[in-house]
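Following: one structure in structure tokens, then a few remarks.
This chain uses plain numbering: 1 for the first residue, then up along the sequence.
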Amino acid sequence: MLFRSIGVAAVLGVLLVSVGHLGRNASDSARARTAADAAALAAVHGGRDAAERLARANGAELVSFEQHSDVVVVRVSVGSSIAGATAGE
């Protein structure tokens, strides 16, 4: 009986840790999308410096920046999540 209780407790512990990781990944993904949108919009008028500032302000790191005429494409990372956004005039 004791070993069964220990086994059940171990399985529940593993499940709780897994759910925690899933929640963090979902949160990182949402934050990355928000940061990418903000960085792309800021970059339209402020260039790469503005994109980096807005990415950092939203807890992200600017991974890539491309500007083609009046269109800006950025990619940012938060944790293991990467998101991209495009903005233009």
Side-chain angles (χ1 to χ4, degrees):
M1 188 68 153
L2 176 62
F3 292 116
R4 185 180 310 167
S5 296
I6 292 172
V8 169
V11 168
L12 288 175
V14 168
L15 287 173
L16 286 174
V17 168
S18 297
V19 168
H21 285 294
L22 287 173
R24 184 173 350 121
N25 288 343
S27 175
D28 285 352
S29 180
R31 286 178 49 215
R33 287 191 306 271
T34 299
D37 288 342
L41 289 170
V44 169
H45 294 290
R48 184 182 184 102
D49 289 342
E52 287 178 339
R53 274 195 312 277
L54 263 288
R56 275 195 311 273
N58 283 281
E61 178 183 346
L62 186 65
V63 175
S64 68
F65 175 90
E66 297 176 28
Q67 187 161 10
H68 308 282
S69 260
D70 60 348
V71 175
V72 176
V73 180
V74 299
R75 288 177 35 131
V76 303
S77 69
V78 175
S80 62
S81 296
I82 296 177
T86 303
E89 300 229 16

V63 versus V76, closest heavy-atom pair with distance | CG2-C, 3.8 Å

Nearest heavy-atom contact between A36 and V74 is O-CG2, 3.5 Å

Can you name the nearest heavy-atom pair linking A60 to A35, along with the distance?
-> CB-CB, 3.5 Å

What closest approach, in Å, do A51 and A43 show between heavy atoms, and which atom pair accounts for it?
-> CB-CB, 3.8 Å

Measure across A42 and L54 and return the closest heavy-atom pair with its distance rounded to 0.1 Å.
-> CB-CG, 3.7 Å

dist L62:CG -> R53:CZ (nearest 0.5 Å) comes out at 12.0 Å

One should read off an interatomic distance between D37 CG and T86 OG1, to the nearest 0.5 angstrom, of 9.5 Å

One should read off an interatomic distance between H45 NE2 and D70 CG, to the nearest 0.5 angstrom, of 10.0 Å

Do the side chains of R31 and N58 get nearer than 4.5 Å, heavy atoms only?
-> no

Distance-minimising heavy-atom pair for G88 and V44 = N-CG2, 3.9 Å

